[in-house]
Amino acid sequence: VMAAEEFLLHYLNDKGKKKRSWLGMENVVDKTSNDAWARHIGWYVATIDGTEHTFSLLGDALRAYDASVVRRKGDKTQRNELNLPQDWEWLFVQGGIKEPDWYVFEQIQKQLQEENEESKRQLDMKLDHEIEIAVKKAVENKRCQLQKEK
C-alpha cells in the first residue's frame with residue numbers, strides 16, 4: 001500500500017515519454033532485504049547543500065531538495081532547477097501572486113481511471129475471444145466424438 005501522492009510521483013516519473021530523473025535525488029533499494037518495501041521501493045537520498053539526507057517518502061525528499069534550492073538562489077531560481085516547480089508557482093509570477101494548481105491530482109486520477117477502464121475493456125475483449133475459441137474447440141471435439149461413435 002502506497003500513499004496516493006507517492007504513487008502519483010512515481011507514476012509521473014515512470015509514465016512520461018522520456019524517463020524523468022529527479023534532481024539531487026537518488027533512489028536506493030536493497031535487493032537482498034527481506035522487507036518488500038526496501039527491496040522494491042526503497043528510500044531516497046537527497047543531496048542538500050552538499051550533505052546527504054535520507055527520506056522514506058519521495059515527496060518529502062523532493063520538497064526538501066527544492067526548498068534548499070530556493071533558499072540558496074531566492075528569486076533567481078528557475079523552474080528547471082526544481083523537481084516540483086508547481087509547488088513554487090508564486091515564485092515565478094511577474095508582479096503578482098499565482099495560486100498553485102490544485103487540480104493536478106484530480107486530472108491524474110481521472111487519467112488513471114480512464115486507462116484502467118481501457119485496460120479492463122481490452123481484457124474483456126480478450127476474454128470474450130478466448131471463450132469463443134474454447135467453445136468452438138469444445139463443439140469440434142464433441143462433433144468428432146459423435147462421428148467416432150457412429
Side-chain angles (χ1 to χ4, degrees), residues 1-49 51-70 77-93 97-150:
V1 176
M2 177 184 276
E5 181 188 43
E6 288 297 298
F7 172 77
L8 291 173
L9 289 171
H10 284 274
Y11 177 80
L12 289 173
N13 195 37
D14 294 338
K15 189 68 176 176
K17 291 182 180 168
K18 67 177 188 175
K19 180 86 169 158
R20 178 175 181 184
S21 58
W22 300 112
L23 301 171
M25 197 74 39
E26 181 184 359
N27 182 207
V28 180
V29 294
D30 181 357
K31 295 291 184 188
T32 63
S33 176
N34 292 330
D35 180 63
W37 188 270
R39 224 176 25 255
H40 300 291
I41 303 296
W43 59 94
Y44 305 91
V45 177
T47 304
I48 299 172
D49 300 326
T51 304
E52 291 186 347
H53 298 269
T54 304
F55 296 87
S56 299
L57 300 176
L58 177 57
D60 292 346
L62 295 173
R63 286 187 178 87
Y65 175 83
D66 287 357
S68 74
V69 171
V70 172
T77 304
Q78 301 294 310
R79 278 185 175 85
N80 65 356
E81 296 173 308
L82 302 174
N83 290 297
L84 302 173
Q86 67 272 17
D87 287 359
W88 298 90
E89 274 306 311
W90 58 269
L91 185 63
F92 305 117
V93 175
I97 295 175
K98 179 176 182 346
E99 293 295 321
D101 185 2
W102 297 111
Y103 301 103
V104 172
F105 178 80
E106 287 84 6
Q107 290 169 348
I108 293 171
Q109 196 171 31
K110 182 180 179 194
Q111 181 183 354
L112 287 172
Q113 183 177 4
E114 289 169 359
E115 289 177 8
N116 188 25
E117 289 169 1
E118 176 62 21
S119 294
K120 184 182 181 314
R121 188 185 65 75
Q122 288 178 3
L123 286 172
D124 286 345
M125 286 175 47
K126 183 177 179 182
L127 178 62
D128 289 345
H129 180 70
E130 290 175 359
I131 289 171
E132 180 182 343
I133 291 171
V135 168
K136 285 180 180 178
K137 221 179 230 184
V139 167
E140 183 62 32
N141 288 342
K142 188 65 171 176
R143 188 176 328 160
C144 288
Q145 184 184 9
L146 289 173
Q147 284 179 352
K148 285 180 185 178
E149 290 176 1
K150 288 183 181 184

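Heavy atoms from other residues, nucleotides or ligands lying under 6.0 Å from CD of Gln122 number more than 12.
Applying the side-chain contact (heavy atoms from CB on, under 4.5 Å) rule to Glu140 yields the partners Arg143, Cys144; only residues at least two apart in sequence or on another chain are considered. Looking at residues two or more places apart in sequence or on another chain, you find no ring-ring contact (aromatic ring centres under 6.0 Å, His included) involving Trp43. Scanning for side-chain contact (heavy atoms from CB on, under 4.5 Å) contacts around His53 gives Ile48, Thr51, Phe55, with sequence neighbours left out. In this view, Asp30 and Thr32 satisfy the side-chain hydrogen bond (donor to acceptor under 3.5 Å, both in side chains) rule, not counting sequence neighbours. Listed by chain and number, the residues in a side-chain contact (heavy atoms from CB on, under 4.5 Å) with Ile131 are Leu127, Val135 (sequence neighbours excluded). Under the rule for a salt bridge (charged side-chain N to carboxylate O under 4.0 Å, His left out), the partners of Glu118 that lie at least two apart in sequence or sit in another chain are Arg121. In this structure, Asn116 has no side-chain contact (heavy atoms from CB on, under 4.5 Å) partners at least two apart in sequence or on a different chain. Here Lys136 pairs with Glu132 under the salt bridge (charged side-chain N to carboxylate O under 4.0 Å, His left out) rule; sequence neighbours left out. For the side-chain hydrogen bond (donor to acceptor under 3.5 Å, both in side chains) test, no residue two or more places apart in sequence or in another chain qualifies with Lys148. Under the side-chain hydrogen bond (donor to acceptor under 3.5 Å, both in side chains) criterion, Asn34 pairs with no residue, sequence neighbours left out. The salt bridge (charged side-chain N to carboxylate O under 4.0 Å, His left out) test applied to Lys31 returns no partner, not counting sequence neighbours. Every residue two or more places apart in sequence or in another chain was checked for a salt bridge (charged side-chain N to carboxylate O under 4.0 Å, His left out) with Glu130, and none qualifies.
Residues Asp66 and Asp87 have side chains not in contact (no heavy-atom distance under 4.5 Å, counting atoms from C-beta outward). Looking at heavy atoms from C-beta onward, Ile133 lies in side-chain contact with His129 at the 4.5 angstrom threshold. With a 4.5 Å cut-off on side-chain heavy atoms, Arg79 and Glu89 count as touching. Contact of the Leu82 side chain with the Val70 side chain is registered, since non-hydrogen atoms from C-beta on lie closer than 4.5 Å.
The OG1 atom of Thr77 lies 6.5 Å from the CZ atom of Phe92; values are rounded to the nearest 0.5 Å. One finds the OH atom of Tyr44 at 10.0 Å from the CH2 atom of Trp22 (value rounded to the nearest 0.5 Å). Here the straight-line distance linking atom CH2 of Trp88 with atom CD of Gln78 works out to 14.5 Å at 0.5 Å rounding. In this structure, the separation between CG on Leu62 and CG on Leu84 is 5.0 Å, given to the nearest 0.5 Å. The CG atom of Asn27 sits 10.0 Å away from atom CE of Met25, with the distance rounded to the nearest 0.5 Å. Atom CG of residue Leu9 and atom CG of residue Leu57 lie 9.5 Å apart, to the nearest 0.5 angstrom.
Between Ala61 and Ala46, the shortest heavy-atom distance links the atoms O-CB, 4.2 Å. The two residues Asn83 and Tyr65 make their nearest non-hydrogen contact at ND2-CD2, 3.3 Å. The shortest non-hydrogen separation linking Val29 to His40 is CG1-O, 3.9 Å.
A salt bridge between Lys120 and Asp124 is present, with a side-chain N of the basic residue lying under 4.0 Å from a carboxylate O of the acidic one.
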